[in-house]
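Scroll down for the structure; my scribbles are underneath it.
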Amino acid sequence: MIKIVSNIPKDFDMKNNEFRHNPIAAYLVRHIEDRLTYAYRKVANDDDALVITNFYFEENDGMVTLMKLVFNVRSWGEDVLLDKDCLKTFEELCQRVFNCTRIHLTHHPNNGFGLAYFEADKMRDMMALLEAFESIGCDISTTFRLVDKELRERRDIARIGFFGMAKEYEVYVRTDDECQVPHFHVRDIYTEANCAICLQSNSYCKHPQKENYAFRYDFGELLFAFMSEPCRSPRYADNYEFAVTMWDLNNKSVCSLQKEEGSCSIIPDYRSINTRIVVIKSIHDNYDCDHQQTDEDINRLSHALTKKFLKKDGVLFQRLLNQFHLVPNIRLVLMAEQNEAKEVVSLRLCIDRKDLWMPHGISNLQGMLQIMEGYFKQQGLSTIHPNTQSEIVEFLKWMKKELPIIDEYIQITNNKLKIFDDEKNNND
């Protein structure tokens, strides 16, 4: 747990005394108020507006438990009450000034103490606020003493970059890391979830700091794409080479970099780092000789696939009819190959006869499969026979959008490695 201790005398009342006696508040007055006021005047078209900043915190049992960053806008000597649109603009302004996306202002129109405030009562938000103060040059050591290593370790890193749909994942290498297995760290900047990943294999690294969080199933795809991207520095071919170099420069153990013919690095396949694809419900035919069954009773998934993609007035069926003039009574069937751990290692979308009692198979089967594969490629599906994990994930994600029922039969889940179970047990 992070412990933040105040250096302010205990008899000093943060709320009731003149706030400029507070070193952080005094710094905000000198360096931030003018910038906020100037920017606010441009937004509100009010030349007389003045933004007044304040900062205070509360302690309990020697630990800081609450921090409050307050903004009060006065115009012509009176407090200004903002509407929601103007408040949102002011919030975005504060986020830019403090370089902190965690600052979300709360409107408090009936309180004369402040127009709006950011209240941090969780440790991660308080740390984010202190880092925001440091980003504008404020010396937080005049007010706080941190009794843990987290903020210091944040400074002793070599940042590789950010990735994700919202750039929510930060990749970095620590200086003199206490774990000397070559690895890098990935941190979710919004949830503070953190994990260590090996540089020489597509596996998690069990870190002494217990930063062993497994991210969601598509995390590996995003990480692999990021590591394959050209590095922002022209000295390195890609982000993976940059990460390996930063590890070698800042740690005792050495990570050997291997390259293909050319300049591209051989990167571990992080796409499969924490993905398990499992069949949770049988996709095979289920016959009951004692009862009359419909196609849906025999194989509900096959019935749904056929109804969606092979209906008689649909594009695929018409292409088959135009090519072969006579199309037998056929259906679509999804077949899965599994390993000993019951994980899916390959899928195949096939054509099969509905009238299985017929003695002969389907003539022109290969031609039909070629037409079907061409049809699905036009729909955005790269293959109907995925046999690698990344291809299977892509197939299932595409199919789930078109046919949500498939999620009842095959699922993509996080691979709960033993190190994560151990960590959970220890925390319990």
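- A side-chain donor from one of Ser265 and Asp238 sits under 3.5 Å from a side-chain acceptor of the other.
- The shortest heavy-atom contact between Lys308 and Lys311 is O-CE, 4.2 Å.
- Taken to the nearest 0.5 Å, the CG atom of Leu257 stands 9.5 Å off from the CG atom of Leu199.
- Val344 and Ile392 get closest at one heavy-atom pair: O-CD1, 3.9 Å.
- Residues meeting the ring-ring contact (aromatic ring centres under 6.0 Å, His included) test with Phe317, sequence neighbours left out: none.
- Of all heavy-atom pairs between Lys400 and Asp407, the closest is NZ-OD2, 3.5 Å.
- Test Phe163, Phe162, Phe226 against Tyr169 for side-chain contact (heavy atoms from CB on, under 4.5 Å) and you get one pass: Phe163.
- A salt bridge links Glu408 with Arg300; the closest basic N to acidic carboxylate O contact falls under 4.0 Å.
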Stepwise, does the side chain to side chain contact (heavy atoms under 4.5 Å, CB included) test hold for Ile280 with Ile410?
CA-CA 6 Å; Ile280 59 174; Ile410 305 176; over 6 Å; no
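- Asp177 and Asn251 form no side-chain donor-acceptor contact under 3.5 Å, judged by distance and modelled atom types alone.
- A pairwise comparison of heavy atoms in Met372 and Ile384 identifies CE-CD1, 3.5 Å as the closest pair.
- Taking CG of Leu66 as the start and CG of Asp121 as the end, the distance is 6.5 Å to the nearest 0.5 Å.
- Contact of the Met67 side chain with the Leu130 side chain is registered, since non-hydrogen atoms from C-beta on lie closer than 4.5 Å.
- Val333 has its side chain out of reach of Leu305: every pair of non-hydrogen atoms, C-beta onward, lies at least 4.5 Å apart.
- A salt bridge does not link Arg348 to Glu337: none of the charged nitrogens lies less than 4.0 Å from a carboxylate oxygen.
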Using the side chain to side chain contact (heavy atoms under 4.5 Å, CB included) rule, take Leu310 and Ile330 through it: C-alpha gap first, then chi angles, then the decisive distance, then the call.
CA-CA 9 Å; Leu310 203 57; Ile330 58 176; 3.8 Å; yes
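- Using a 4.5 Å cut-off on side-chain heavy atoms (C-beta onward), Met227 and Val171 make contact.
- A donor-acceptor contact shorter than 3.5 Å is absent between the side chain of Asp188 and the backbone of Asn194.
- A 4.5 Å side-chain heavy-atom check between Cys179 and Cys205 finds at least one atom pair inside the cut-off.
- Side-chain contact check for Trp247 and Ser253: at least one donor-acceptor pair (N or O, by modelled atom type) lies under 3.5 Å.
- Proximity of a side-chain donor or acceptor of Tyr27 to a complementary backbone N or O of Gly137 within less than 3.5 Å is detected.
- Atom-to-atom distance recorded for Leu381:CG and Glu394:CD is 6.5 Å, nearest 0.5 angstrom.
- Counting heavy atoms from C-beta on, the side chains of Leu301 and Ile405 come closer than 4.5 Å.
- For the atom pair CD1 (Ile197) and OH (Tyr270), the distance works out to 7.0 Å, reported to the nearest 0.5 Å.
- A heavy-atom distance below 4.5 Å is not found between the side chains of Val345 and Asn387.
- Not counting sequence neighbours, the partners of Tyr236 by the ring-ring contact (aromatic ring centres under 6.0 Å, His included) test are Phe242.
- Residues Asp248 and Cys255 form a side-chain contact, since some pair of their non-hydrogen atoms from C-beta on lies under 4.5 Å apart.
- Aromatic ring pairs are classed by plane angle as parallel below 30°, tilted from 30° to 60° and perpendicular above 60°; the pair His185 and His183 is perpendicular.
- Rounding to the nearest 0.5 Å gives a distance of 10.5 Å between CD of Glu391 and CG of Leu347.
- Between Asn250 and Met246, the closest side-chain pair of non-hydrogen atoms falls below 4.5 Å.
- Rounding to the nearest 0.5 Å gives a distance of 8.5 Å between OG1 of Thr383 and CZ of Phe395.
- For the residue pair Ser382 and Lys377, the shortest heavy atom distance occurs at O-CE, 3.2 Å.
- Scanning all heavy atoms of the two residues, the minimum distance from Ala243 to Ile160 falls at CA-CD1, 3.7 Å.
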Side chain to side chain contact (heavy atoms under 4.5 Å, CB included) assessment of Ile277 paired with Leu396
CA-CA 10 Å; Ile277 304 167; Leu396 292 174; 3.6 Å; yes
Yes or no on side chain to side chain contact (heavy atoms under 4.5 Å, CB included) for Val186 and Tyr172, after CA distance, side-chain angles and deciding distance?
CA-CA 7 Å; Val186 180; Tyr172 62 91; over 6 Å; no
